[in-house]
Enquirer: 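Once you've had a glance at the structure underneath, I'll fire off some questions.
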Amino acid sequence: MTRSKTPLTLDPAVLGALLDGAWAAERRRGRALVEHPDAIPPVTGDLDELRAATLRGVKALAESGATFRSLPEELGGANDHAGYVAAFEEAVTASPSLQIKAGVQFGLFGGAIQHLGNAEQHAQWLLPAQRAELLGCFAMTEIGHGSDVASIGTTAVYDPEEQEFVITTPFRAATKEYIGNAAAHGRAAVVFAQLVTAGVDHGVHALFVPIRDESGVPLPGVTIEDDGRKGGLLGVDNGRLSFDGVRVPRTNLLNRYGDVAPDGTYSSPIDSPGRRFFTMLGTLVQGRVSLDGAAVVAAKLGLDIAIRYGLERRQFTGADDTEEVVLLDYQQHQRRLMPLLAETYANGIAHEVLLESFQQVFSGTDDSDEARQVLETQAAGFKAVSTWSALDILQECREACGGAGFMTENRLTGLRSDLDIFVTFEGDNTVLLQLVGKRLLGDYAAEFKNIDFGGVARFIGTQAAEHSLYRSGLANVGRTIGEVLTPGLTERRIRSGRLQQMLLSARVDTMVAELAGNLRPAAKMSRADAAALLNENQHELIEAARAYIELLKWEALDTALHSLDDDPARADEAKALRRIRDLYGLTLIERKIGWHIMYGRLSMNRARQVGPTISRLCTKLAGNAADLVAAFGYGPEHRRATIAEGIEAERQAEAREHYRRARAQADHPVDEKVLHAARKTAARS
């Protein structure tokens, strides 16, 4: 199956504008970083060389002024948090190591001071941090407690006589681990510890703690170990930090949400310890938002390289004895790359929606508790799904390029190695989806908090009817839940956007309702039994959360599609985006086709339409594959992959010309198979 013979006429700039969103200008500025001579570290070298080169890139980023964009106007910034993140994510095009090291310096170390500190601390530490003059670390994670921040073991005990906090690592498992900038370059750290004063543990708080002197020597009581070589991100100097009675002044406590007076009295604007803890951590959601976007950038780069190569590489003769077939004309090659292209479009457009929420909360436009909770939930879920997606995409792109994809010079293996850690830092993805699932259950419970008796009866009646259909087998004799409740859908094609949304949303609704039913007995159980019951349903909780996030991404893509509906000049772009939406939606449905059939959401006849429809969409999109990756906005300086820049087309042209000339020669060898066939024909006659 070849690519579409009648491809659409697309303007990549139109699709690129949708992908880049409201902060397109900032993204372009972020991509321009590759032009700086210090931005791109070498591919090879020892750890010290790679780390030093990456540090030069961090300083180049600071020199550009981009690191001040998220600061308030009184500090020389623009209060543009989303614009800052959008530009910062594009640093992946220069180097994932640069993007992560810069993220530690400006987003985590500087961001913690900005969002948890006071005005005096901003002047003393934040401004030098954003200029890369004060290099620092974000010391939250411990070797014994990764995602469980509330249980970290490091302590900060207040001494009222000296008006100092005493920072201590009480046991090995409380060692701060995997800390970026710690092994070589950090001079200070924002350290998260259990704050104890007047005999009361007030939970996790953050303190500014110097760790090295100006010559780079660890300060007394501070032990620093190098993590050494890792599976990726070799330009980031990760290390371990431990503290043996290290003293810092009382004023080093980042005290926006909790303060200690000189006499040791604790105060906080938030009375609830639990709410205070989550509020403190919520201010640091920027890391998850930026990882979501950075994963999308890496996936775009991988697809850009693999699809350009697939449009030039030829392999095996088909209908023509002499002309080999372009890889992207093979149906399976289309099937392996086009759904991933659609998924990346969905992830990219959904990320712009996340950035809008991020900007509203952090700029102060809407920083209500509800807005913050929605942002935290979406950031957790988007980061989890997008980073897993990026790993899968980069691996498939590598395989789709064969041996050429395994060469370091073509970047795919390097990108995948560097992205590997994305799925477990800033929150392990599985844990993050549990947070999303618990939020879904909380929202589900809230819906019934004030419902009247009649409403409960109607809900129970509907649920009973659906269970009857699920269990009785009616769905297997040609009529599904969707067809019973919405008969008009029976005449619609499988590509119906309404049908896709119904299937995706119904799966979320059903899974959450079943989970709520399964967990309802927990309210009357002991704490241990309730925890055991939740553990028994953990897989279903995570599956429901992932289904919810995928629904949000499909809806973002659907909304973007409809933004083009009223512009006749963009009809082809709208048609291409509709194909992308349908391919993404149907791919999600195909992955869980058994669930949809088992729960009566799809009839067997309609389920059998999904696979062939996906194949047809892949063929159509393959006809515009070059335009669809051009919309990403990357050039050779961003891809930096030999196979994506026309060298394969040159090789193929040279080979075809060689064989053309050879066949024209009188002494051109006769193919033995042709001679053998001729002899058989002569023998029969």
Side-chain angles (χ1 to χ4, degrees), residues 292 295-296 299 303 334-351 353-354 378 381-393 396 429 433 436-437 440 480-482 489 492-512 514 539-562 576-604 606-618 620-621 628:
D292 177 53
V296 173
L303 285 164
Q334 296 167 7
R335 265 283 201 154
R336 73 193 309 184
L337 293 180
M338 292 303 102
L340 302 182
L341 182 64
E343 187 173 345
T344 299
Y345 265 73
N347 289 343
I349 289 172
H351 179 67
V353 176
L354 179 62
Q378 291 185 354
F382 281 22
K383 180 266 180 183
V385 173
S386 294
T387 53
W388 271 329
S389 172
L391 281 189
D392 291 342
I393 288 169
E396 195 65 45
N429 283 356
L433 285 181
V436 175
L440 287 176
T480 67
I481 291 294
L489 283 176
R492 289 181 177 268
R493 296 176 301 160
I494 196 70
R495 282 185 60 186
S496 162
R498 186 180 170 198
L499 176 60
Q500 291 172 49
Q501 184 169 39
M502 187 197 76
L503 290 171
L504 295 172
S505 60
R507 182 164 183 262
V508 175
D509 293 343
T510 303
M511 294 175 79
V512 173
E514 285 199 343
H539 176 71
E540 289 75 16
L541 181 74
I542 292 168
E543 284 292 295
R546 184 160 190 164
Y548 169 69
I549 296 299
E550 290 169 344
L551 170 63
L552 293 184
K553 294 192 175 204
W554 184 93
E555 290 178 339
L557 192 50
D558 185 60
T559 300
L561 157 64
H562 291 303
L577 208 57
R578 181 170 282 104
R579 290 172 178 173
I580 287 171
R581 180 206 66 182
D582 293 346
L583 180 55
Y584 178 61
L586 292 177
T587 299
L588 293 176
I589 291 165
E590 185 183 49
R591 288 176 186 167
K592 302 297 180 182
I593 198 78
W595 188 97
H596 291 289
I597 295 172
M598 181 172 66
Y599 277 79
R601 298 303 186 185
L602 272 180
S603 66
M604 287 292 190
R606 185 162 287 179
R608 280 194 288 268
Q609 297 175 31
V610 174
T613 303
I614 286 176
S615 293
R616 287 192 292 273
L617 285 168
C618 287
K620 291 176 180 178
L621 287 171
L628 294 174

Enquirer: Got a second to check how far Tyr345's OH is from Arg581's CZ, nearest 0.5 Å?
Expert: 15.5 Å
Enquirer: Could you tell me which non-hydrogen atom of Ala544 sits nearest to which non-hydrogen atom of Val512, and how far apart they are?
Expert: CB-CG2, 4.4 Å
Enquirer: Apply the test side chain to side chain donor-acceptor pair (under 3.5 Å) to residues His562 and Asp558: give CA-CA distance (whole Å), side-chain angles for both, the deciding distance (0.1 Å), then the verdict.
Expert: CA-CA 6 Å; His562 291 303; Asp558 185 60; 3.2 Å; yes
Enquirer: Rounded to the nearest 0.5 Å, what separates atom OG1 in Thr344 from atom NE2 in His351?
Expert: 13.5 Å
Enquirer: Working to the nearest 0.5 Å, report the span between CD1 of Ile589 and OG1 of Thr613.
Expert: 10.5 Å
Enquirer: Show the nearest heavy-atom pair for residues Leu433 and Gly381, with the distance to one decimal.
Expert: CD2-CA, 4.2 Å
Enquirer: For Leu440 versus Ala545, what's the shortest heavy-atom pair and its separation?
Expert: CD1-CA, 4.1 Å
Enquirer: Can you name the closest pair of heavy atoms from Leu583 and Cys618 and give their distance?
Expert: CD1-SG, 4.0 Å
Enquirer: Under the side-chain contact (heavy atoms from CB on, under 4.5 Å) test against Thr587, which residue among Asp582, Ile614, Val610 passes?
Expert: Ile614
Enquirer: When you compare the side chains of Glu543 and Tyr548, does any donor N or O come within less than 3.5 Å of an acceptor on the partner?
Expert: no
Enquirer: Evaluate the criterion side chain to side chain donor-acceptor pair (under 3.5 Å) for residue pair Trp554 and Gln501; output intermediate values, then yes/no.
Expert: CA-CA 8 Å; Trp554 184 93; Gln501 184 169 39; over 6 Å; no
Enquirer: Under a 4.5 Å cut-off applied to non-hydrogen side-chain atoms, are Leu341 and Leu621 in contact?
Expert: no
Enquirer: Hey, mind stepping through Glu343 and Asn347 against side chain to side chain contact (heavy atoms under 4.5 Å, CB included) and telling me if it holds?
Expert: CA-CA 6 Å; Glu343 187 173 345; Asn347 289 343; 4.0 Å; yes
Enquirer: Under the criterion salt bridge (Lys or Arg N to Asp or Glu O under 4.0 Å), I'd like the reasoning laid out for Glu396 against Arg335: C-alpha separation, chi angles, the key distance, then a yes or no.
Expert: CA-CA 11 Å; Glu396 195 65 45; Arg335 265 283 201 154; over 6 Å; no
Enquirer: Can you give me the closest heavy-atom contact between Asn429 and Ala384, atom names plus distance?
Expert: ND2-O, 3.2 Å
Enquirer: Please examine the side chains of Arg578 and Arg495, heavy atoms only from C-beta on, and report whether any two atoms are closer than 4.5 Å.
Expert: yes
Enquirer: Can you give me the closest heavy-atom contact between Ala346 and Leu557, atom names plus distance?
Expert: CB-CD2, 3.8 Å
Enquirer: Hey, mind stepping through Glu555 and Val353 against side chain to side chain contact (heavy atoms under 4.5 Å, CB included) and telling me if it holds?
Expert: CA-CA 10 Å; Glu555 290 178 339; Val353 176; over 6 Å; no
Enquirer: Do Ile549 and Arg546 have side-chain heavy atoms sitting under 4.5 Å apart?
Expert: no
Enquirer: Can you measure from CD1 (Ile542) to CE (Met511) and round to the nearest 0.5 angstrom?
Expert: 10.5 Å
Enquirer: I need the Lys620 NZ to Ile580 CD1 distance, nearest 0.5 Å.
Expert: 13.5 Å
Enquirer: Rounded to the nearest 0.5 Å, what separates atom CG in Leu503 from atom NZ in Lys592?
Expert: 15.0 Å
Enquirer: Within 45° of the ring axis of Tyr584 and under 6.0 Å from its six-membered ring centre, is that where the NZ or CZ of Lys553 lies?
Expert: no
Enquirer: Honestly, is Arg507 close enough over Trp595, meaning NZ or CZ under 6.0 Å from the six-membered ring centre and within 45° of the axis?
Expert: yes
Enquirer: Could Lys383 and Asp292 be called an ion pair, given the rule that one side-chain N must be under 4.0 Å from one carboxylate O?
Expert: no
